[in-house]
Novice: 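Shown below is the structure under consideration.
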2 protein chains.
Amino acid sequence: MDKVEVFELIERMAALIRSEERKKCTELGLQPVHLQVLDYLSRCNRYSDTPAALTNYLGMTRGTVSQTLLLLVKKSFIKKTADASDRRMVHLSLLPEGNAILKKARTSELFIQAALIFKKHNLANHQDIFVKALTSLQKANQSHSFGLCKTCKYFTITADGFTCGLTKEPLSQSDSEKICQEHSIL
Amino acid sequence: MDKVEVFELIERMAALIRSEERKKCTELGLQPVHLQVLDYLSRCNRYSDTPAALTNYLGMTRGTVSQTLLLLVKKSFIKKTADASDRRMVHLSLLPEGNAILKKARTSELFIQAALIFKKHNLANHQDIFVKALTSLQKANQSHSFGLCKTCKYFTITADGFTCGLTKEPLSQSDSEKICQEHSIL
DNA sequence: AGATTGTGTTTCGAATCGATATTATTATGT
DNA sequence: ACATAATAATATCGATTCGAAACACAATCT
């Protein structure tokens with residue numbers, strides 16, 4: 001066996017998933033980006049559910065993101081809500097229809113088959129290695145890490161729940177399990 | 001630690017890589033698809049370096065792929081060569097310029113940093129697990145597996161080298177290490 | 001108050017993409 | 001041998017996407 005970089009292997013998996021995703025998208029009448037947006041919104045908390053954060057995450061321009069969102073709103077996949085304190089900001093959230101189509105996209109044949117084969121090869125037991133790989137990637141991507149809230153160095157546990165050490169705001173269980181734009185590695 | 005599916009972890013890595021790739025693309029003045037095409041061409045052997053195979057791989061329509069290729073030819077990233085025996089077919093190949101831009105795209109900061117962190121965590125030692133994961137994914141995607149030639153069940157070793165059991169043709173060392181459209185899992 | 005920064009939107013032109021039709025070549029069937 | 005079908009690639013067209021730039025508005029800073 002040649003010495004292949006682990007990262008190279010992950011890249012190939014990513015390519016495979018990408019091409020599968022593309023097929024799924026055309027079936028559902030969507031562009032890959034749209035699915036990425038829905039996926040992101042299903043994973044982000046209230047610090048990162050804004051168009052600006054999405055722009056950072058996707059690496060597109062604000063104008064483009066704005067249009068993409070317009071389309072998703074028109075299709076009733078997402079909705080916009082004005083921020084109470086900062087009236088420039090808008091919070092995005094998935095609507096039931098958006099959730100439904102996301103779920104449909106995720107349950108592709110590839111995903112189901114792969115999960116089965118993973119189980120057969122006992123890959124599930126090596127979960128920790130994949131977790132390490134993912135956090136390595138996130139660490140490498142520090143500029144905008146978009147990590148899980150509860151793995152952030154500002155995540156603190158207080159007497160009556162969780163708190164964000166950066167904003168001093170209380171966090172719900174759900175918040176803590178989602179992607180945050182301000183995520184900092186320990 | 002919650003029970004997170006391994007596949008879910010891989011998906012997130014893919015998402016991270018995708019967003020990084022997108023940024024890189026805009027820097028280089030390309031679309032993500034273009035990079036995917038160049039990447040594919042750098043990995044495919046002579047059974048899968050045609051527009052039709054590429055169409056299968058990407059999951060797009062033939063017309064779209066045709067146009068994408070037109071653009072890449074115009075930019076001198078790739079070139080087309082007519083097949084000697086079947087004059088309907090065209091073989092695609094990377095030109096030096098295409099190779100250069102692909103290399104530039106691959107050496108992103110993220111990749112370099114991630115590789116370092118991987119090494120630090122001794123993830124390189126668990127290479128086999130990632131190999132298994134990749135082949136699992138390929139197996140799950142049997143419809144068009146696009147696997148490595150030398151891992152195919154038709155790959156045979158003869159007295160004077162390698163042969164494809166399907167086409168009965170001899171294979172070079174280079175062929176055997178590239179992606180083939182007709183790849184079948186053992 | 002005025003300048004600056006940071007939101008999100010709008011407009012416009014270029015590029016992408018899918019659907020459909022078309023051409024050219026090979027394969028098949030009688 | 002000839003017609004028909006199948007396959008590879010291309011061309012055309014319209015809808016959609018995307019990025020660049022200009023814009024409007026709110027918050028912040030000095």
Side-chain angles (χ1 to χ4, degrees), chain A residues 18-19 21-38 46-75 77-93 144 167 181-182, chain B residues 18-19 21-38 46-75 77-93 181-182:
Chain A
R18 233 192 334 253
S19 87
E21 217 168 45
R22 188 180 283 280
K23 277 177 215 155
K24 203 76 197 175
C25 278
T26 49
E27 272 176 42
L28 299 171
L30 290 171
Q31 293 295 320
V33 202
H34 298 153
L35 220 54
Q36 280 183 61
V37 171
L38 297 180
R46 74 189 122 103
Y47 298 115
S48 46
D49 63 356
T50 67
L54 191 56
T55 299
N56 279 333
Y57 183 73
L58 294 176
M60 308 199 312
T61 60
R62 276 176 314 208
T64 305
V65 169
S66 185
Q67 283 186 56
T68 303
L69 293 175
L70 221 60
L71 182 103
L72 290 174
V73 166
K74 206 175 70 189
K75 289 197 176 185
F77 289 160
I78 65 172
K79 78 162 193 278
K80 297 181 184 176
T81 317
D83 187 283
S85 57
D86 188 335
R87 289 200 295 167
R88 291 172 306 183
M89 285 212 283
V90 170
H91 292 279
L92 307 165
S93 54
H144 287 288
T167 65
Q181 184 184 200
E182 307 297 344
Chain B
R18 231 189 339 248
S19 86
E21 217 168 47
R22 187 180 282 280
K23 277 177 216 158
K24 204 76 197 172
C25 279
T26 50
E27 270 176 44
L28 299 170
L30 290 170
Q31 293 294 321
V33 201
H34 298 154
L35 220 56
Q36 280 182 62
V37 171
L38 296 180
R46 74 190 121 103
Y47 298 115
S48 45
D49 63 357
T50 67
L54 190 55
T55 299
N56 279 332
Y57 183 74
L58 293 176
M60 308 199 312
T61 59
R62 281 181 311 252
T64 304
V65 169
S66 187
Q67 284 186 55
T68 302
L69 293 176
L70 223 59
L71 183 102
L72 290 173
V73 167
K74 207 176 68 189
K75 290 198 176 187
F77 290 158
I78 64 172
K79 78 163 193 278
K80 297 181 183 179
T81 318
D83 187 284
S85 57
D86 186 337
R87 289 200 296 168
R88 292 171 303 181
M89 284 213 284
V90 170
H91 293 278
L92 306 166
S93 54
Q181 185 184 4
E182 308 295 345

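Everything quoted here is computed from the prediction, not taken from an experiment. Side chains included, hydrogens not; waters and symmetry mates left out as well; all remaining heavy atoms used. Labels below follow one simple rule: chain letters A, B, ... track the order of the sequence lines, proteins then strands, and each chain is numbered from 1.
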Novice: Which residue lies toward the 5' end of DNA chain D, A:Gln31 or B:Val90, if each is placed at its nearest nucleotide?
Specialist: B:Val90
Novice: D:dA15 C1' sits how many Å from A:Lys74 NZ, rounded?
Specialist: 11 Å
Novice: Are B:Leu70 and B:Lys80 packed together at the side-chain level, in the sense that at least one heavy-atom pair is separated by less than 4.5 angstrom?
Specialist: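 Touching, per the 4.5 Å side-chain cut-off.
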Novice: When rounded to the nearest 0.5 angstrom, what distance separates NE2 in B:His34 from CG in B:Leu28?
Specialist: 12.5 Å
Novice: Give a yes or no on whether the backbone of A:Thr64 and the side-chain of A:Thr68 come within a donor-acceptor separation of less than 3.5 Å.
Specialist: yes
Novice: A:Leu92 versus A:Pro51: any side-chain heavy-atom pair under 4.5 Å?
Specialist: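 A:Leu92 vs A:Pro51: side chains touch.
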Novice: Which distance, rounded to the nearest 0.5 Å, do you find between the OG1 of B:Thr55 and the CG of B:Leu69?
Specialist: 7.5 Å
Novice: Measure from CG on B:Leu70 to P on D:dA8 and round the result to the nearest Å.
Specialist: 20 Å
Novice: For A:Leu35 and D:dT17, what is the distance between atoms CG and P respectively, to the nearest whole Å?
Specialist: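 Interatomic distance, CG of A:Leu35 to P of D:dT17: 14 Å.
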Novice: Rounded to whole Å, please give me the gap between NZ in A:Lys79 and P in C:dG8.
Specialist: 17 Å
Novice: Could you state the atom-to-atom distance from CG of B:Leu69 to P of D:dA8 in whole Å?
Specialist: 15 Å
Novice: Looking only at side-chain atoms of A:Met60, point me to the closest of D:dA9, D:dG19, C:dT9.
Specialist: D:dG19
Novice: Would you say D:dT10 has OP1 or OP2 under 4.0 Å from some side-chain N or O of B:Lys80?
Specialist: yes
Novice: Rounded to the nearest Å, what distance is computed from the CD1 atom of residue A:Ile78 to the P atom of nucleotide C:dG8?
Specialist: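 It is 12 Å, rounded to the nearest whole Å.
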Novice: Over all strands shown, is B:Leu71 touching base, sugar-phosphate only, or nothing at heavy-atom distances under 4.0 angstrom?
Specialist: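 If one applies the 4.0 Å heavy-atom cut-off, B:Leu71 turns out to touch the sugar-phosphate alone, with no base involved.
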Novice: Examine D:dT17: is either OP1 or OP2 under 4.0 Å from a nitrogen or oxygen in the side chain of A:Thr68? Give yes or no.
Specialist: no
Novice: When we call it a touch if two heavy atoms are under 4.0 Å apart, what does B:Val33 touch: a base, just sugar-phosphate, or nothing?
Specialist: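 Result for B:Val33 = sugar-phosphate.
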Novice: Is B:His34 touching bases, backbone alone, or none of the nucleic acid, heavy atoms closer than 4.0 Å?
Specialist: sugar-phosphate
Novice: Answer whether the closest heavy-atom distance between the side chains of B:Val73 and B:Lys79 falls below 4.5 Å.
Specialist: no
Novice: Find the distance A:Leu92:CG to C:dG8:C1' and express it as a whole number of Å.
Specialist: 11 Å
Novice: Show the distances under 3.5 angstrom between N or O atoms of the protein and N or O atoms of nucleotides 19-27 of chain C.
Specialist:
{"unit_1": "C:dT26", "atom_1": "OP1", "unit_2": "B:Arg87", "atom_2": "N", "d": "3.2"}

Novice: Nearest 0.5 Å please: distance from the CG atom of B:Leu30 over to the CG atom of B:Leu35.
Specialist: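 It is 6.5 Å, given to the nearest 0.5 Å.
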Novice: Starting at atom CG of B:Leu30, determine the distance to atom P of D:dC18, rounded to an integer number of angstrom.
Specialist: 16 Å
